[in-house]
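Letters go in sequence order (proteins before strands), and every chain restarts at 1.
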Number of protein chains: 2
Amino acid sequence: MANFTIGKLAKQTGLGVETLRYYERRGLIEPQSRTGSGYRLYDDDAGRRLRFIRRAQSLGFSLDQVAELLSLSDRPEKSAAEVKQLAREKIADIESRIHDLERMKSALSVLEDQCPGHAGTTAECPILAALNRQNQEPVAGENG
Amino acid sequence: MANFTIGKLAKQTGLGVETLRYYERRGLIEPQSRTGSGYRLYDDDAGRRLRFIRRAQSLGFSLDQVAELLSLSDRPEKSAAEVKQLAREKIADIESRIHDLERMKSALSVLEDQCPGHAGTTAECPILAALNRQNQEPVAGENG
DNA sequence: ATAAACCCTGTAGTCAACTACAGAGTCAAT
DNA sequence: ATTGACTCTGTAGTTGACTACAGGGTTTAT
């Protein structure tokens, strides 16, 4: 129930005041209340919510997608089936991201292990190789 | 050794011709050669490379970071120690992304399991809760 | 040999996600 | 009661990653 002004919240999260207002316009976060003069007041959840937003972004989710993720837990008890469905879709999305990252990681591990001595044949680019035996569909769309 | 023009490569990958030229300006890809009249000619590796680029992007890597990833395998046999070091850094980065995604996934799984019947207390937002017990540092920088 | 469909360089416009004012009101401290 | 740090709304500018011309040359098909 501790109430922060926007400046305090900004300092706490390392974000800019303008960024917080921008997130509000985008529907990602809202002040718990306002003072009589219109100052935004935030509670402790705001900081957590912002941390979530940044983390999700760094994982390649757009702000619209982050909003969708957040809306899942914001929805009170309405439309349980809809929430369940959306959650399932997001889980599938996340699983495929994890899968891709794991392929990328093992490619890099090969590189790491291989590098130190073996100066010789150029080893046929393990990083490209590792990510390609699978999924031969076109690759235009950014996020699945 | 099959040689494609830029238009063929674009069609093959589902990207636009302008995008391929843009990636070239950004140092992500280069034609294997040029015709006498200046037309770009690409080999089979180009398609794989582009698929890699798009996948890495969708995982939250910027084009600059993708360029770094690619440079790891492009480096012939020079500076093995440097490559090894860079690979290690990227692996750590990827591991933390995987970790974050796994936290996010388990939060969503909780939601999914919890939703169907339990209309009652609002369950205290599992998605935010799951992502926050750890890492309490500021969150400003996008990628770690 | 001429039109359609390519390709070239170069520059400008767009979209998401900020980031930075401008102009004005508010609050805390002197 | 006034200075300075804060806040407000609203709009404009910036950056990364495209995307779309303009103005011109090249290849392919007829």
Side-chain angles (χ1 to χ4, degrees), chain A residues 3-43 46 49-70 138-143, chain B residues 3-43 46 49-70 138-143:
Chain A
N3 280 344
F4 316 109
T5 59
I6 197 168
K8 300 266 176 55
L9 182 59
K11 189 156 293 177
Q12 205 184 81
T13 56
L15 300 173
V17 167
E18 323 272 1
T19 305
L20 302 187
R21 288 196 279 248
Y22 173 70
Y23 285 172
E24 186 175 334
R25 282 202 297 287
R26 292 292 305 265
L28 292 165
I29 190 166
E30 277 209 70
Q32 192 218 6
S33 61
R34 296 257 186 161
T35 67
S37 55
Y39 283 27
R40 291 164 178 83
L41 292 174
Y42 299 91
D43 56 18
R49 201 175 172 90
L50 288 169
R51 261 178 283 276
F52 175 82
I53 292 168
R54 298 302 277 195
R55 199 155 288 148
Q57 260 188 307
S58 80
L59 295 170
F61 292 98
S62 71
L63 289 186
D64 282 350
Q65 289 174 317
V66 176
E68 261 190 281
L69 282 167
L70 284 168
V139 77
E142 165 114 339
N143 298 135
Chain B
N3 280 345
F4 318 109
T5 59
I6 198 168
K8 300 266 176 57
L9 182 58
K11 190 156 289 175
Q12 204 184 80
T13 56
L15 300 173
V17 166
E18 322 271 1
T19 304
L20 303 188
R21 287 197 279 248
Y22 173 70
Y23 285 172
E24 186 175 335
R25 283 202 295 289
R26 294 290 307 265
L28 292 164
I29 190 166
E30 278 208 69
Q32 192 217 6
S33 61
R34 296 256 187 163
T35 66
S37 55
Y39 283 28
R40 291 165 178 83
L41 292 175
Y42 299 91
D43 55 18
R49 202 176 172 89
L50 288 168
R51 262 179 283 277
F52 176 82
I53 292 167
R54 299 303 276 195
R55 201 154 287 149
Q57 261 189 305
S58 81
L59 294 170
F61 292 97
S62 70
L63 288 187
D64 282 350
Q65 291 175 316
V66 176
E68 261 190 280
L69 283 167
L70 285 169
V139 77
E142 162 114 338
N143 296 136

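Applying the side-chain hydrogen bond (donor to acceptor under 3.5 Å, both in side chains) rule to T35(A) yields the partners S37(A); only residues at least two apart in sequence or on another chain are considered. With sequence neighbours excluded, no residue forms a side-chain hydrogen bond (donor to acceptor under 3.5 Å, both in side chains) with S33(B). When the side-chain contact (heavy atoms from CB on, under 4.5 Å) test is applied to A10(A), the partners found at least two apart in sequence or on another chain are V17(A), L20(A). By the side-chain hydrogen bond (donor to acceptor under 3.5 Å, both in side chains) test, R26(B) pairs with Y22(B), D64(B), sequence neighbours left out.
For the helix from dA1(C)-dT30(D) to dT30(C)-dA1(D), the end axes, each set by the C1' atoms of five terminal pairs, are bent relative to each other by 0° (nearest 10°).
Note on residues 32-42 of chain B: pairs passing salt bridge (charged side-chain N to carboxylate O under 4.0 Å, His left out), not counting sequence neighbours, are E24(B)-R34(B), E24(B)-R40(B).
Considering only heavy atoms from C-beta on, L59(B) stays 4.5 Å or farther from L59(A) through its side chain. Annotation: side chain of I53(B) is in contact with side chain of L70(B) (closest heavy-atom distance under 4.5 Å). In this structure, the side chains of Q57(A) and R54(A) come closer than 4.5 Å at one or more pairs of heavy atoms.
When the C1' atom of dC6(C) is taken as reference, atom CG of L20(B) falls 15 Å away, rounded to whole Å. Going from atom CG of L63(A) over to atom C1' of dC15(C) covers 13 Å, rounded to whole Å. The nearest whole Å value for the distance from the CD atom in Q57(A) to the P atom in dA17(C) is 7 Å. Note: CG (L41(A)) to C1' (dC8(D)) measures 13 Å, nearest angstrom. Look at CZ on F61(A): it is 17 Å from C1' on dA16(C), rounded to the nearest Å. Distance I29(B) CD1 to dC18(D) P: 13 Å, rounded to the nearest Å. Protein atom NZ of K11(B) is 11 Å distant from nucleotide atom P of dA5(C), rounded to whole Å. Between the CD atom of Q65(B) and the C1' atom of dA17(D) there is a distance of 14 Å, rounded to whole Å.
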Checklist line | Steps toward side chain to side chain contact (heavy atoms under 4.5 Å, CB included) verdict (F52(B), V66(B)) | finding: CA-CA 9 Å; F52(B) 176 82; V66(B) 176; 4.3 Å; yes
Check: Yes or no on side chain to side chain contact (heavy atoms under 4.5 Å, CB included) for L63(B) and Y23(B), after CA distance, side-chain angles and deciding distance?
Finding: CA-CA 9 Å; L63(B) 288 187; Y23(B) 285 172; 4.0 Å; yes
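Of the candidate nucleotides dT9(C), dC18(D), dA20(C), dA20(C) has the atom lying nearest to any side-chain atom of E18(A). Counting only heavy atoms from C-beta on, Y23(B) has its side chain closest to dC18(D) among dC18(C), dC8(D), dC18(D). The side chain of T5(B) sits closest to dC7(C) out of dC8(D), dC7(C), dT7(D). Side chain of R40(B), nearest nucleotide from dT9(C), dC18(C), dG16(D): dT9(C).
With R49(A) contributing its side chain and E30(A) its backbone, the two residues share no donor-acceptor pair below 3.5 Å.
Within the nucleic acid shown, G16(A) has no heavy atom closer than 4.0 Å to any nucleic acid atom. Nucleic acid contact for R21(B): base, since at least one base atom lies under 4.0 Å from a heavy atom of the residue.
Rounding to the nearest 0.5 Å gives a distance of 10.5 Å between CG of N3(A) and NZ of K8(A).
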Considering only nitrogen or oxygen atoms on both sides, find all protein atoms under 3.5 Å from nucleotides 24-26 of chain C and state each distance.
from    : atom 1 : to     : atom 2 : distance (Å)
dG25(C) : N2     : Y39(A) : OH     : 2.6
dT26(C) : O4'    : Y39(A) : OH     : 3.3
dT26(C) : O3'    : S37(A) : OG     : 3.4

Protein-nucleotides 11-15 of chain D N/O pairs closer than 3.5 Å?
none

